[in-house]
Structure formats: structure tokens, C-alpha cells
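Order of the sequence lines sets the chain letters (A, B, ...), proteins ahead of strands, with each chain counted from 1.
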There are 2 protein chains.
Amino acid sequence: MNTTKLSTADVRREAVVASAVTMFAGSGYLGTSVAAIAEHAGISQAYVFKLFPSKELLFVTTLEHCFDLVLAALERGAAASPDQSPDAMLYAMGGAYAELIGDRSLLMLQVHAQSAASVPEIGAALRKGLRATTLLAKSRSNACDEAVQRFIAYGQLCHLIVVTGLDHNPPDWASLITAGIRHP
Amino acid sequence: MNTTKLSTADVRREAVVASAVTMFAGSGYLGTSVAAIAEHAGISQAYVFKLFPSKELLFVTTLEHCFDLVLAALERGAAASPDQSPDAMLYAMGGAYAELIGDRSLLMLQVHAQSAASVPEIGAALRKGLRATTLLAKSRSNACDEAVQRFIAYGQLCHLIVVTGLDHNPPDWASLITAGIRHP
DNA sequence: CATGTGAGTGACTATACACTCACCATCTGT
DNA sequence: ACAGATGGTGAGTGTATAGTCACTCACATG
């Protein structure tokens, strides 16, 4: 039961998380109703509460899934780097991240999670994801601390650019902060 | 009437905005009820709706006020810089910003605004504030575009650090991204 | 005194939402 | 054939919340 085959309930749970990524990314933690997620997943709202004990835990699970995907993308990027130098590794990881967040959902989810971080469980999940991301960037790239810090900072800048819509039809002044940033 | 004296309604409006900064910063746009803001300001909820036509516009007004304070702080920092070189100017402005957001309210308000940016009016206010901040940093420092971009990116990193609570009793790994960052 | 005006409120409405519960349906092992 | 586990739902409940409205009170002015 714990080896290869998932029960249908676990399959459902994954489908609900997939819907939750989309819906939470669109409207945030408080702005998204469980009913909307259930409808998107094609099941009743009551069944969502059978699969997850609370909206809060559904959000946390969704956020953890988001970070799993981010970590996998960084890993992929690192593996595909043409060159083992720290700068090249970080550049490759950045490119893989930019590609991953192409549909904005995973990015928006992180933005909304930051806004909901005062909910203890959500804040803890955010810290855990940031920790894993940072440490992976450090260990795979072998870059100095300053370069890793820069990597994270420019990731946040990328979030800001997308949130403000500066990547779509950017005004003239926007090139000041969007120049060189790889965004979707 | 338009010169020096404010009517009591305008005074009230300012008091409500001050309360709104605190309350919205604490619980976000959707997480804060107008009743809570009214109570904090010591007036009835009905009167808040006489002073502001909607919760949305109250939030936008509050956010604009936040950016006014940010711009004033940057201006102050620039004016106090011991040295006119671009690097020194940006450093001084960064220090003034770090000091301004010492109580976290103005920082958290920006984070929550990013999460609520899909509301058109809020997104527009955010873009406007970012534009003004970026252009001010550029024009006062005379720094190159890359340095201004870096200035904004590290500002966002600062937000992330505060949101995740990494500035209070930081775990060991946190120094990777908090090193050198001036936060409250 | 009469009258008008701006400040301020209590009580209400309509709705939306997280969460619950009693219940049905379908499969599975014996 | 049947007992029980597992998948799934319709119909609620209680509460919170944005926004409204009819109203009161203080005060200024003619």
C-alpha cells in the first residue's frame, strides 16, 4: 500500500492540490473559497474537507508542493549547466526557475503565501521552502554567500516585476528594473 | 478653505488612514475588516464609509500614504549622504529606508498590496509607487541602471527577510541571505 | 427662535464562507 | 449473498462582513 500504487483518495488529493495551485495563485489565501477549488477540481466542497482537514492545511500542502517543484527545477537547471563554475550554475538555475514560473501560478502562490505568513503554519512552510531553496542554490553552485544572496534577491525582484505586470507591455521607465531579468 | 486649515472631516480621514496602515499591515487587505479599522480609530464603522466610499479606496489611499512616506525617507537619506558618489547615495537611501520600516507596518503593507495587486486600483497604485521609488532612486543617486535595479532587488529581499521572521532569532542558515542587509 | 448643515451612530440587510452531518453508492473479500 | 470499508454528496449551520439608511446631536447664522 505504501510502495507504488496510490489509492484513489491519494490520486484525488493530488488533483485537488493541482486545482488549489491554480485557484490560490489567482486570488490568494483568503480570496479563494474552498468551494471554488472544489468546483475547479470537479468534486463537491464537502469531499475536499474529507481529503484535507482544513483550508489552512490545504494551503500549506499546496505551498509545499510548489516548493517541491521549485527545488526540482533548480536541480534540473543545475544538472543542465554547460559549465561547473558557480556563476554558470546559478545562471542555469535561474533560467530553469524562470521557465518553471512561466505560467505565473507558482510565483503568485509564493507572493500570496508571503502575505499570509502571519498564519503560523503558513509562515513555517514558507521558511522551510526558503531554507531548502537557499541551501540547494548554495550547495549545487558552490558559489560564495554573496552570490547566493544575490540569486535570491533577484528572484524576489522577478516576483515584483510579474506582480506589477511590468513584464507585459512595460512602460518606458520599467526597463530600469526589468533589464536582464529572465521572466516568462 | 484650501490653504491651511483642515476641516474636522479631513482630520478624521487622516486618522483613519493612520489606523488603516496599522490594521491592514497586520492582517492584509481581505483579512482586515472595516469594522476593525473603525474601532482602532475610535469611530463607528458607518462613519468610515462616509469618509471613504469603499474599502478598496481606503486601502488605495493607505497605500499611497505609505509610498509618500517611503519617498520622503529616501529623499531624507539622500540629503544626508556624506558623499555624492552614486554608491554612497544609494547606501544612504537604503539606510533611511531600513530606518523607516523599523516598525514593519509600511513594509507589511507593501507585501499585502502585492498580494492584492490583482484588484485593478491596487495594482495601479503599486505600479505608481514603484515607479516613483525607482525614478527617485535613479535621479537622486545618478547611479547606473544596474545599481538601481540592485537597490530595488535588495529592498525586496529585505521584505522577504522580515516576512519570514528571519531577522528575529535567525536560524544558522539564514545568515546566507541576511548578511549585510540592514533591517530593523 | 427657527432653520440649516456637517459630524456621527445604531441597527439593519444581503451575502458569502468554512465547516458539518446524515446519507447514498460502489466495490471487495468471504 | 452480504458485511463492511471506501468514495462521494446535498443540504444545511453559524458567523463574519461590506455596505446602507434613517436618525440624532451640536452648533452656527439670520
Peer 1: Given that B/Ala46 and A/Ala35 both sit by DNA chain C, which one's nearest nucleotide is further toward the 5' end?
Peer 2: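 Comparing both residues, the 5'-ward one is B/Ala46.
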
Peer 1: Within less than 4.0 Å of OP1 or OP2 of C/dA7, is there a side-chain N or O belonging to B/Thr8?
Peer 2: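 For C/dA7, OP1 or OP2 has a side-chain N or O of B/Thr8 closer than 4.0 Å.
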
Peer 1: Would you kindly give the CD-to-P distance between A/Gln45 and C/dC17, to the nearest whole Å?
Peer 2: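 Nearest whole value for this atom pair: 10 Å.
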
Peer 1: Starting at atom CD of A/Glu39, determine the distance to atom P of D/dT9, rounded to an integer number of angstrom.
Peer 2: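 A/Glu39 atom CD is separated from D/dT9 atom P by 13 Å.
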
Peer 1: Given B/Arg104 and B/Asp167, is the salt bridge (charged side-chain N to carboxylate O under 4.0 Å, His left out) satisfied, shown in steps?
Peer 2: CA-CA 12 Å; B/Arg104 284 139 197 271; B/Asp167 52 339; 2.5 Å; yes

Peer 1: Less than 3.5 Å between a donor and an acceptor, one on the side chain of A/Lys50 and one on the base of C/dT20, is that the case here?
Peer 2: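 By the distance-only test, no, there is no pair.
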
Peer 1: Please give, in whole Å, the distance from C/dG6 C1' to B/Ile43 CD1?
Peer 2: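 Interatomic distance, CD1 of B/Ile43 to C1' of C/dG6: 15 Å.
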
Peer 1: Any base atoms under 4.0 Å from B/Ser33, or only sugar-phosphate, or nothing? Heavy atoms, all strands.
Peer 2: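 Sugar-phosphate, no base atom in range.
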
Peer 1: Look only at the side chain of A/Lys55 and the backbone of A/Phe49, and say whether a donor-acceptor pair between them is shorter than 3.5 Å.
Peer 2: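 Here the side-chain-to-backbone pair does not exist.
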
Peer 1: What is the distance, to the nearest angstrom, from the CZ atom on B/Phe49 to the C1' atom on C/dC12?
Peer 2: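 Those two atoms, CZ and C1', are 14 Å apart.
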
Peer 1: Once you round to the nearest 0.5 Å, how far does CG of A/Leu106 lie from CG of A/Leu63?
Peer 2: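 The CG atom of A/Leu106 sits 10.0 Å away from the CG atom of A/Leu63.
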
Peer 1: If we ignore hydrogens and angles and just use 3.5 Å, is the side chain of A/Thr62 paired with the main-chain N or O of A/Val21 as donor and acceptor?
Peer 2: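 Not at all, since once roles are kept as given, no pair shorter than 3.5 Å links the two residues.
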
Peer 1: Figure out the OH/C1' separation between A/Tyr47 and C/dC23, and round it to whole Å.
Peer 2: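 Those two atoms, OH and C1', are 16 Å apart.
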
Peer 1: For the side chain of A/Ala9, starting at C-beta, report the closest nucleotide among D/dT20, C/dA7, D/dG7.
Peer 2: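 From the listed options, D/dG7 comes nearest.
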
Peer 1: For D/dG7, does OP1 or OP2 lie under 4.0 Å from any side-chain N or O of A/Arg12?
Peer 2: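 Answer is no, no contact under 4.0 Å.
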
Peer 1: Restricting to non-hydrogen atoms, name the atom on B/Leu107 and the atom on B/Cys158 that form the minimum distance, rounded to 0.1 Å.
Peer 2: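 Of all heavy-atom pairs spanning B/Leu107 and B/Cys158, the closest is CD1-O, 4.3 Å.
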
Peer 1: Do A/Lys138's NZ or CZ and the ring of A/Phe151 fall within the cation-pi criteria of under 6.0 Å and 45°?
Peer 2: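 No cation-pi geometry.
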
Peer 1: What residues in residues 51-60 of chain A put a non-hydrogen atom under 4.0 Å from any atom of DNA chain C?
Peer 2: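 Under 4.0 Å from DNA chain C: A/Ser54, A/Lys55.
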
Peer 1: Nearest heavy-atom pair of A/Met89 and A/Gln84: which atoms, and what distance?
Peer 2: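 Scanning both residues, the minimum pair turns out to be CG-O, 3.6 Å.
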
